[in-house]
Amino acid sequence: MSDTSSRPVRRIEDYALIGSTESAALIHRDGTIEWLCLPRFDSEAVFAALLGTREHGAWALGAADPAARVSRRYLPDTMVLETTIETDSGRAVVFDFMPVPADGGTHELVRIVRGEEGSVDLRTELKLRFNYGAWTPWVERKEGAIIAIAGPDGIRISSSVDLTNADYATGADFTLSAGQSVTAMLEWFPSHLDPPVPRDPHALMRRTQAEGYRWADRCTYHGPYADIVRRSLLTLKALTYRPTGGIVAAPTTSLPEMPGGVRNWDYRYCWLRDAVWTIYALTASGFHEEASAWRWWLMRATAGAPDELQIMYGLHGERRLTETELDHLPGYENSRPVRIGNGAHDQLQLDVYGSVLGAFDAGRRAGLPDMDAVWPLQCAIAKNLLTLWKQPDSGLWEVRGPPRHFVYSKIMCWLAFDRMVASAQDFKLDGPIDEWRRARDEIHAEVCEKGFDPTSNSFVQSYGADRVDAALLQIPMLGFLPADDPRVQGTIARVESELLRDGVVYRYRTDRGETDGLPGTEGAFLACSFWLCDAYTLSGRLGEARTMFERLLSYGNDLGLFAEEYDPIACRQLGNFPQAFSHFALVNTAHTLAGAVGSAAENLAAPA
């Protein structure tokens, strides 16, 4: 096992994302690619230095002078990363991107270096390590390129500068003058096939830019904070698995919720809890095609077993996501275990029923095509929920302790029936409306009786609990109760008192192990802080909402990327990165603040 104790801290916010809409890479600000899974988001990593050292796979490209000055940005409306390197002798620019894969299963990562001024001495070193850094591939030179093979995976490295092999690494030192350029490409292909004919790197960059411009032109959000909203939407596009329309929660695994802790999970899958807010963010921003693709992914993933909804599925709707640990990796900042797969996939999590049925209702109201085809599935899901909602579950946060009657889960069951009634009435669809209405009303009454603590004037995390949960901030957004209801205001006040610390909102208190069955602490879940902004907005506290929203925006990195969590004491991002949930929450909160298309609550809580 490698020791990372002497390695300088490389903060999560130091990384940039590039992606092909099938896979993604993370690049440190020093120009080193430290995470890359091919050919899919959830494939085995060929660069895994993010969770270890460069001996676990990395591709460095930067100035030979360690005192070089580095800055970076995305080219506008694209996921093309531009890194500027300045030394006393000159300036060069590196462009990193991953084009949409070609037909035939080829996946590419392209690096183009261009001299801008004077001359710059540069250095590159590439270490390919397959199977999350465990395997060193067999390497040969062929037709001017380097071919690396390990099991089913083949990689071709081609470069316009000569590369040499030494000590199981490939590299070169070279000098670039103004007007000169160097290209390098990494191409993945199935190892049992011959490598494909390489594509032209410069043409691929022009094409990738043009595709980004066309996509961004479809954005209909032009309100305040438009630049960061567009960047979040581009990030969500990069996290979309193009072949199926599924959207991964994050492209990484095991980035810790607290460095050195055990709260390290694999997020390279698609979560149903994101469904309703995904549909809203995409349709409200003009991206109906992506919303429709997500809707069809939802339908395919849940079809066949609508009475046994999982909380997450694979990119193609796979149900078996067995969790294992990789003992050979020391973990990010020695955070162990490093996990692949996710054992929470077989939990009962009742909130997903409301999220899925709410998403289908939102899609129908947004005018997505062919929604009638989804109605039988909706009815089957609702039929099962008529009895299932009475059970305890593991809750939105996938606790690994005993199941409980989580209040947010019950509210989402209420939303499921509320949206079924609304869909049936507003779109003249057949179904047992009276039965759904009775279930909806019974849940509402039970939650108000058993999930509310009169002493604190607040809803609580679970029936009989003595603590609050930040998920309850969504009550007015979901239409369960209006924002001006004293019980809602009491819940907001208790969240402020117990969970709002140092400017950010924590999910729940983790000072007692029975909260979620895990030791240790975590950062503040960024989506929860955006939910407090929403609650402020719906409560008429617009000044506080804007102030908090702008503070949250400052917690993103220099590229506008957000991880799952934030540590306000250490002033750093935590958890898997970038996190779709954080970016969806940002987009929806911006819409709610701007009032561009009406608040999310108005869309979710249409009259039933």
Side-chain angles (χ1 to χ4, degrees), residues 271-280 283 291-292 294-311 348-391 393 396 406-448 451 471 474-482 600-608:
W271 262 253
L272 296 193
R273 72 177 183 191
D274 301 350
V276 66
W277 302 118
T278 300
I279 291 287
Y280 173 72
T283 56
S292 184
W294 171 246
R295 176 271 316 266
W296 286 121
W297 178 89
L298 280 174
M299 183 176 178
R300 290 191 302 269
T302 57
D307 56 338
E308 297 178 357
L309 293 191
Q310 293 190 180
I311 68 173
L348 173 62
Q349 187 175 319
L350 291 174
D351 66 279
V352 302
Y353 287 82
S355 187
V356 170
L357 295 179
F360 288 145
D361 177 75
R364 186 172 284 107
R365 295 179 188 280
L368 297 186
D370 302 319
M371 286 302 303
D372 286 349
V374 186
W375 184 246
L377 175 63
Q378 291 180 253
C379 292
I381 293 173
K383 180 179 180 180
N384 183 54
L385 191 59
L386 286 168
T387 55
L388 191 63
W389 75 264
K390 298 177 183 293
Q391 296 186 22
D393 75 326
L396 170 70
F406 284 96
V407 173
Y408 179 77
S409 295
K410 304 301 186 187
I411 291 172
M412 291 300 287
C413 291
W414 170 89
L415 178 71
F417 292 118
D418 184 71
R419 294 299 86 203
M420 290 299 290
V421 171
S423 288
Q425 289 182 338
D426 295 346
F427 297 95
K428 305 298 187 286
L429 299 168
D430 292 331
I433 297 178
D434 290 340
E435 194 172 20
W436 295 333
R437 186 181 289 112
R438 283 193 297 271
R440 178 195 64 183
D441 295 345
E442 183 180 354
I443 296 170
H444 197 283
E446 181 177 296
V447 167
C448 290
Q474 296 181 73
I475 286 174
M477 294 291 290
L478 297 168
F480 186 82
L481 288 172
E602 291 171 347
N603 285 271
L604 285 172

- Worked check of side chain to side chain contact (heavy atoms under 4.5 Å, CB included) between Met420 and Cys379: CA-CA 8 Å; Met420 290 299 290; Cys379 292; 4.2 Å; yes
[X] side, atom [atom1]; [Y] side, atom [atom2] - distance, nearest 0.5 Å:
X	Y	atom1	atom2	value
Cys413	Asp418	SG	CG	12.5 Å
Lys390	Leu385	NZ	CG	10.5 Å
Arg419	Leu357	CZ	CG	11.0 Å
Leu350	Ile311	CG	CD1	11.5 Å

- Message: Within the structure provided, determine whether Asp370 and Trp296 are in side-chain contact (heavy-atom separation under 4.5 Å).
- Response: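 Contact flag for Asp370/Trp296 side chains = yes.
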- Message: What I'd like to find out is whether the side chain of Pro369 reaches to under 4.5 Å of the side chain of Ser292, using heavy atoms alone.
- Response: yes
Nearest non-hydrogen partners of [X] and [Y], listed with the distance:
X	Y	value
Tyr353	Ala416	O-CB, 3.9 Å
Leu348	Gln391	CD2-OE1, 3.6 Å
Ser355	Arg273	OG-O, 3.2 Å
Phe360	Met371	O-CE, 3.2 Å
Arg365	Ala422	NH2-CB, 3.2 Å
Phe417	Ala382	CE2-O, 3.6 Å

- Write out all pairs satisfying side-chain hydrogen bond (donor to acceptor under 3.5 Å, both in side chains) with one or both partners inside residues 406-417, taking only residues at least two apart or from two chains. Asp393-Ser409, His405-Lys410, Tyr408-Gln474
- If you measure from the Lys or Arg side-chain nitrogens to the Asp or Glu carboxylate oxygens, is any gap between Asp441 and Arg437 under 4.0 Å? no
List for me each residue that meets side chain to side chain contact (heavy atoms under 4.5 Å, CB included) alongside [X], sequence neighbours excluded, and say none if there are none.
X	result
Ala303	none
Ala301	Trp297, Tyr313
Thr283	Ile279, His288, Ala291, Ala366, Leu368
Pro432	Glu435, Trp436

- Just jot down the salt bridge (Lys or Arg N to Asp or Glu O under 4.0 Å) partners of Arg364, sequence neighbours excluded, or say none.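 Partners of Arg364 under the salt bridge (Lys or Arg N to Asp or Glu O under 4.0 Å) test: none.
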- Message: Suppose we screen for salt bridge (Lys or Arg N to Asp or Glu O under 4.0 Å). Which residues come up paired with Glu308, at least two apart in sequence or across chains?
- Response: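 If we apply the salt bridge (Lys or Arg N to Asp or Glu O under 4.0 Å) test to Glu308, skipping adjacent residues, there are no hits.
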- Would Trp277 and Met477 count as a side chain to side chain contact (heavy atoms under 4.5 Å, CB included) if you check the C-alpha gap in whole Å, the side-chain angles of each, and the deciding distance to 0.1 Å? CA-CA 11 Å; Trp277 302 118; Met477 294 291 290; 4.1 Å; yes
- Query: With Val447, which of Leu481, Ile475, Val407 fulfils side-chain contact (heavy atoms from CB on, under 4.5 Å)?
  - Reply: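 Passing option: Val407.
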- Message: When you measure from the side chain of Trp375 to the backbone of Asp430, do you find a donor-acceptor pair of N or O atoms at a distance under 3.5 Å?
- Response: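 Indeed, once roles are kept as given, a pair shorter than 3.5 Å links the two residues.
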Set of residues satisfying side chain to side chain donor-acceptor pair (under 3.5 Å) with respect to [X], sequence neighbours excluded:
X	answer
Asp351	Gln349
Lys383	none
Asp372	none

- Message: Go through it in stages, so that I can follow the logic: the residues are Phe480 and Leu415, the test is side chain to side chain contact (heavy atoms under 4.5 Å, CB included), and I'd like the CA-CA distance, side-chain angles, deciding distance and then a yes or no.
- Response: CA-CA 8 Å; Phe480 186 82; Leu415 178 71; over 6 Å; no
- Message: Working note: Thr302 + Leu272, criterion side chain to side chain contact (heavy atoms under 4.5 Å, CB included); need CA distance, chi angles, decisive distance, verdict.
- Response: CA-CA 10 Å; Thr302 57; Leu272 296 193; 4.1 Å; yes
